[in-house]
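Data first, discussion second: the structure below is written as structure tokens.
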There are 2 protein chains.
Amino acid sequence: MLGLSKKSDYALLALSYLATNGESRTVRTKEIAERFAIPAELLAKVMQRLAKMGWLASSPGPSGGYTLAVSDTSITVGDVVRAVDGGSALTHCMQSPEASGCEQWANCTIRGPLGFVNERVQDVLNHIPIRDIRERATPASAESELVKLVARDHSAPAAARRAGASRSRNEGDTP
Amino acid sequence: MLGLSKKSDYALLALSYLATNGESRTVRTKEIAERFAIPAELLAKVMQRLAKMGWLASSPGPSGGYTLAVSDTSITVGDVVRAVDGGSALTHCMQSPEASGCEQWANCTIRGPLGFVNERVQDVLNHIPIRDIRERATPASAESELVKLVARDHSAPAAARRAGASRSRNEGDTP
DNA sequence: CTAATGCCGACCAACGAGGTCGGAGACCTG
DNA sequence: CAGGTCTCCGACCTCGTTGGTCGGCATTAG
Ligand code: FES
Ligand code: FES
């Protein structure tokens with residue numbers, strides 16, 4: 001349905017909460033869960049994945065919890081979605097270079113243009129750090145960031161994911 | 001997973017095929033289905049929805065089929081996704097004004113910023129007409145600012161392609 | 001030690017996507 | 001004009017993924 005899953009939603013929620021309210025304090029999962037009225041166990045699972053990704057520091061035991069381990073500007077919603085939701089591509093074909101298994105690959109005529117659209121969407125997602133996902137104040141900051149994104153050229157950080165649609169010239173591909 | 005469904009994929013495929021190869025000819029569903037190796041019945045359902053939306057004209061009986069009923073620049077991929085896939089919002093909360101039923105509405109702190117992100121994504125999708133979803137990315141029209149955005153990143157191949165892509169029909173497409 | 005917290009795996013339910021079926025109407029053949 | 005066949009059309013069903021739950025184990029403050 002072209003919508004990110006609830007897990008991504010919860011992850012964004014928790015990360016924004018940690019970035020706002022967890023300066024150097026350990027925040028328990030239950031606290032976040034009760035704060036946002038979401039199932040605690042599911043959020044726990046999401047938190048685990050975030051911790052495994054290296055973005056959260058965990059401390060077990062009583063008075064334990066999670067702490068944001070990285071800067072709130074180094075993670076973007078694209079990263080979060082990709083980590084917690086497993087990929088963030090418009091179609092399965094352009095998820096990985098050629099591990100698609102898409103039967104329409106040979107005949108597909110929309111792969112190229114759709115790849116461009118996908119790249120645009122990914123760019124939008126990859127340029128919103130979680131710092132901008134906050135209370136819904138900060139309209140100036142977020143807006144300026146996005147305006148810069150839309151209006152100006154973006155250079156390096158988008159080179160991470162290399163869209164496999166680079167060469168669309170070959171007629172006879174080798175499966 | 002933040003991916004459009006296969007139905008949307010098929011719809012885009014069929015629409016691009018109709019816009020390219022169905023100038024004023026009735027094209028059968030089976031033709032498109034065999035052309036792209038997709039299940040005919042499922043594509044039939046997609047076609048029905050497209051027809052119901054007013055974008056295709058249907059004629060039953062032998063030598064019947066579908067014809068593109070509107071200009072190929074008046075439908076965007078956003079419209080297609082929204083019609084065939086049922087909404088194209090990042091979260092269910094921002095699908096309709098208040099028919100969300102999202103329990104986190106009261107406490108959600110990311111609704112505002114995420115709405116902005118959603119708007120960006122929708123903008124991307126709403127500015128790509130199906131005319132631009134064709135054999136290759138040849139934004140000959142170059143009317144919308146988004147097409148310019150798309151063309152910027154890959155400006156060299158696009159410019160090279162644009163030289164001889166003014167009115168070229170399908171070339172070398174007979175498997 | 002005990003209690004509270006994170007960590008991990010398996011498990012289940014529900015919804016939607018993907019796929020399939022038989023029917024109704026219109027063209028073509030004779 | 002009647003039958004056959006080809007096409008759309010709508011309802012139906014199956015299956016995979018997502019969302020959600022449970023119990024058990026390791027770890028650490030008090
Ligand atoms: S649909 Fe998979 S390659 Fe186009
Ligand atoms: S998650 Fe529904 S309003 Fe934010």
Side-chain angles (χ1 to χ4, degrees), chain A residues 1-11 13-14 18 22 25-34 36-53 55-67 69 81 84-88 91-92 95 101-104, chain B residues 1-11 13-14 18 25-34 36-53 55-67 69 81 83-88 91-92 95 101-104:
Chain A
M1 203 259 291
L2 185 70
L4 41 81
S5 64
K6 295 219 173 173
K7 274 188 263 190
S8 306
D9 208 352
Y10 297 161
L13 223 35
L18 276 175
R25 174 172 72 92
T26 55
V27 179
R28 288 161 299 177
T29 301
K30 199 169 256 180
E31 177 181 336
I32 307 179
E34 300 214 348
F36 296 111
I38 57 185
E41 291 88 355
L42 181 55
L43 186 128
K45 199 189 296 188
V46 171
M47 299 290 270
Q48 289 168 210
R49 193 160 299 176
L50 292 179
K52 203 170 226 171
M53 206 57 64
W55 300 330
L56 299 183
S58 68
S59 5
S63 78
Y66 289 99
T67 317
V81 169
V84 83
D85 214 32
S88 74
T91 67
H92 301 268
Q95 185 82 288
C102 188
E103 292 298 327
Q104 286 85 32
Chain B
M1 203 263 289
L2 185 69
L4 41 81
S5 63
K6 295 219 174 172
K7 274 187 263 190
S8 305
D9 208 353
Y10 297 162
L13 224 35
L18 277 176
R25 175 171 72 92
T26 57
V27 179
R28 289 161 297 174
T29 301
K30 197 169 256 181
E31 177 180 338
I32 307 180
E34 301 215 347
F36 295 111
I38 58 185
E41 290 88 355
L42 181 55
L43 187 128
K45 195 196 296 189
V46 172
M47 298 290 270
Q48 287 168 215
R49 192 159 299 175
L50 292 178
K52 202 169 227 174
M53 207 56 62
W55 300 330
L56 300 183
S58 67
S59 6
S63 76
Y66 288 101
T67 318
V81 169
V84 83
D85 213 31
S88 74
T91 67
H92 302 267
Q95 185 83 287
C102 188
E103 292 298 327
Q104 286 84 33

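Computed from a prediction, not measured in an experiment: that's the story for all the values here. Chain identifiers are assigned alphabetically (A, B, ...) following the order of the sequence lines, protein sequences preceding nucleic acid strands; residue numbering begins at 1 within each chain.
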#### Entry: Of B:G61 and A:K30, the one whose closest DNA chain C nucleotide lies more 5'
A:K30
#### Entry: Of A:T29 and B:P62, the one whose closest DNA chain C nucleotide lies more 5'
A:T29
### Query
What string of B, S and - do you get for nucleotides 13-18 of chain D 5' to 3' if you count protein non-hydrogen atoms under 4.0 Å?
------
### Message
Nearest 0.5 Å, please: how far is NZ in A:K6 from OG1 in B:T91?
### Response
10.0 Å
### Query
Mind checking whether A:S59 and A:Y66 have side chains closer than 4.5 Å, heavy atoms only?
no
### Task
Measure from CG on B:L42 to P on D:dC12 and round the result to the nearest Å.
18 Å
#### Entry: Side-chain donor/acceptor of B:K45 to base of D:dG10, under 3.5 Å
no
## Note on the structure
A:Y10 atom OH is separated from D:dG20 atom C1', nearest whole Å, by 9 Å
### Within-4.5 Å side-chain heavy-atom neighbours: A:L56 and A:M47
yes
### Inter-residue atom distance B:T29.OG1 - B:L42.CG, 0.5 Å rounding
11.5 Å
### Task
By nearest nucleotide on DNA chain D, pick out whichever of B:S58 and A:P39 is the more 5' one.
B:S58
### Task
Would you mind checking if B:E34 and B:R28 are paired as a salt bridge, meaning a charged N to carboxylate O distance below 4.0 Å?
no
### Task
Rounded off to whole Å, could you give me the CD-to-C1' distance for the B:E41 and D:dT7 pair?
13 Å
### Query
In whole angstrom, what separates B:L18's CG from D:dC8's P?
11 Å
### Query
Between A:K30 and A:E41, does at least one N-O distance fall below 4.0 Å, as a salt bridge requires?
no
### Message
When you compare the side chain of B:T67 with that of B:L18, does any pair of heavy atoms fall below 4.5 Å?
### Response
no
### Query
So how far is it from B:F36 CZ to B:L13 CG, rounded to the nearest 0.5 Å?
4.0 Å
### Task
Measure the distance from OH on A:Y66 to P on D:dT28 and round it to the nearest whole Å.
14 Å
### Query
Between which nucleotides of DNA chain C, 5' to 3', does chain A make heavy-atom contacts below 4.0 Å?
C:dA3 to C:dA17
### Task
Find the distance B:L43:CG to D:dG10:C1' and express it as a whole number of Å.
16 Å
### Query
Looking only at heavy atoms, which two atoms of B:A11 and B:V46 are closest? And how far apart?
CB-CG1, 3.5 Å
